[in-house]
Amino acid sequence: MNIIKIKDLTFKTFIPEKEILQHVKAVAEEINRDLADKNPLFLAVLNGSFVFAADLLRYITIPCEISFVKLASYQGTISTGEVKEVIGLNEDISGRTVVIVEDIVDTGQTMKRMLETLGTRNPGSLHICTLLLKPEKLQVPLNIEYVAMEIPNDFIVGYGLDYDQQGRQLRDIYTVVEP
Ligand code: 5GP
Ligand code: MG
């Protein structure tokens with residue numbers, strides 16, 4: 001087991017790269033089967049999903065396209081609190097089979113917001129593919145068709161996921177060690 005420190009927190013190895021890739025391959029194979037004749041457009045949500053998206057796409061063997069979007073937080077009115085806006089979507093998604101590629105679904109609020117925004121642009125169908133899901137934290141009903149791995153509630157970093165912008169380049173996934 002590998003122990004690392006990022007800023008004030010200590011993390012230990014949780015899911016090694018080799019195991020991650022087995023799960024990524026398995027989820028890619030499900031998509032290859034389900035969406036074979038759909039020419040899906042993968043929409044990766046930056047920043048966290050950049051490593052997952054790169055590995056996932058290289059296990060996809062059917063015709064497909066990929067593009068990238070970002071969720072920008074801005075302060076709404078006091079009543080609405082923080083609002084997230086989808087930016088960078090230049091593709092015409094009308095009629096397309098769209099697969100949202102996300103790093104982790106926690107409460108599900110981010111995915112809900114993505115589905116609402118993309119839903120206004122007349123896609124043929126919308127699918128969610130996430131590397132990680134924390135099932136115990138999910139607050140909103142979501143149909144998450146493609147989940148590479150389910151994990152407990154602990155905070156994790158690595159394989160694209162950050163702690164205060166650090167640790168995205170780690171090959172393995174690490175979980176926080178309680179002090
Ligand atoms: P949600 O809207 O589902 O609550 O949160 C999703 C977002 O929260 C993810 O895209 C990710 O940015 C962040 N997040 C949730 N859990 C974790 C975690 O364990 N580690 C990291 N690095 N980010 C997380
Ligand atoms: Mg994310």
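All values below come from the heavy atoms of this structure, side chains included, with hydrogens, waters and symmetry mates left out. One-based numbering, in listed order, for ligands and for the atoms of each.
Within the 4.0 Å heavy-atom criterion, the part of Glu102 lying near ligand 1 is the side chain and not the backbone.
In this structure a side-chain-to-backbone donor-acceptor pair under 3.5 Å is present from Arg96 to Asn39.
Taking the side chain as every heavy atom from C-beta outward, Leu43 and Leu89 approach each other to under 4.5 Å.
Residue-ligand proximity, Gln109 to ligand 1, at heavy-atom distances under 4.0 Å covers atoms 2 (O), 3 (O). Residue Ile156 has at least one heavy-atom neighbour below 4.0 Å for each of these atoms of ligand 1: 18 (C), 19 (O), 20 (N), 21 (C), 22 (N). Close approach of ligand 1 to Thr110 (heavy-atom distance below 4.0 Å) involves ligand atoms 1 (P), 2 (O), 5 (O), 6 (C). Below 4.0 Å from some heavy atom of Asp162 lie the following atoms of ligand 1, by number and element: 21 (C), 22 (N).
To the nearest 0.5 Å, atom CZ of residue Arg33 and atom CD1 of residue Ile62 are 11.5 Å apart. Interatomic distance, Arg168 CZ to Asp162 CG, rounded to the nearest 0.5 Å: 3.5 Å. Remark: Ile31 CD1 to Tyr59 OH distance equals 13.5 Å, nearest 0.5 Å.
Looking at ligand 1, you won't find any N or O of Tyr163 less than 3.5 Å from one of its N or O atoms. For ligand 1, none of its N or O atoms has an N or O atom of Met111 under 3.5 Å away. For ligand 1, the polar-atom distance check finds an N/O of Gly108 within less than 3.5 Å of one of the ligand's N/O atoms.
The aromatic rings of Phe155 and Tyr163 stand perpendicular to each other, their planes meeting at an angle above 60°, with 30° marking the opposite boundary.
For Val157, the heavy-atom gap to ligand 1 stays at 4.0 angstrom or more. Proximity of Lys134 to ligand 1 is established by a heavy-atom distance of less than 4.0 Å.
Using a 4.0 Å cut-off between charged side-chain N and carboxylate O, Glu116 and Arg113 make a salt bridge.
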